[in-house]
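All values below were derived from every heavy atom in this structure, side-chain atoms included, with hydrogens, water molecules and symmetry-related copies excluded.
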Amino acid sequence: MCLTTEALLLFINLLSPQIVEIADDRVIIHAETRDAVWEARADQWCTQAPRIDAALRLKAGEAL
């Protein structure tokens, strides 16, 4: 999942500053379940968090 810089900044502004860590090429959001890492790629910011969450849900479903 990728967002423009403007969209990512709008999203970050909705969050508590205590859970957001910002560096030059990376933004880490310390969420309840796990961290979401956003990385700069060209003119967008991308994260694998939705794919990781989906994979974990599918794996948990196999255990049932």
Of all residues at least two apart in sequence or in a different chain, which pass the side-chain hydrogen bond (donor to acceptor under 3.5 Å, both in side chains) check with Q44? none
State, with a plain yes or no, whether a side-chain heavy atom of W38 is found less than 4.5 Å away from one of M1. yes
Can you tell me which residue pairs pass the salt bridge (charged side-chain N to carboxylate O under 4.0 Å, His left out) test with a partner in residues 37-49, sequence neighbours excluded? R26-E39, E39-R41
When rounded to the nearest 0.5 Å, the distance separating CD1 of I29 from CD1 of I12 is 5.5 Å
Name each donor-acceptor pair under 3.5 Å that joins a side chain in residues 3-11 to protein atoms two or more places apart or in another chain, with its distance.
from: T4; atom 1: OG1; to: A7; atom 2: N; distance (Å): 3.1
from: T5; atom 1: OG1; to: W45; atom 2: NE1; distance (Å): 3.1

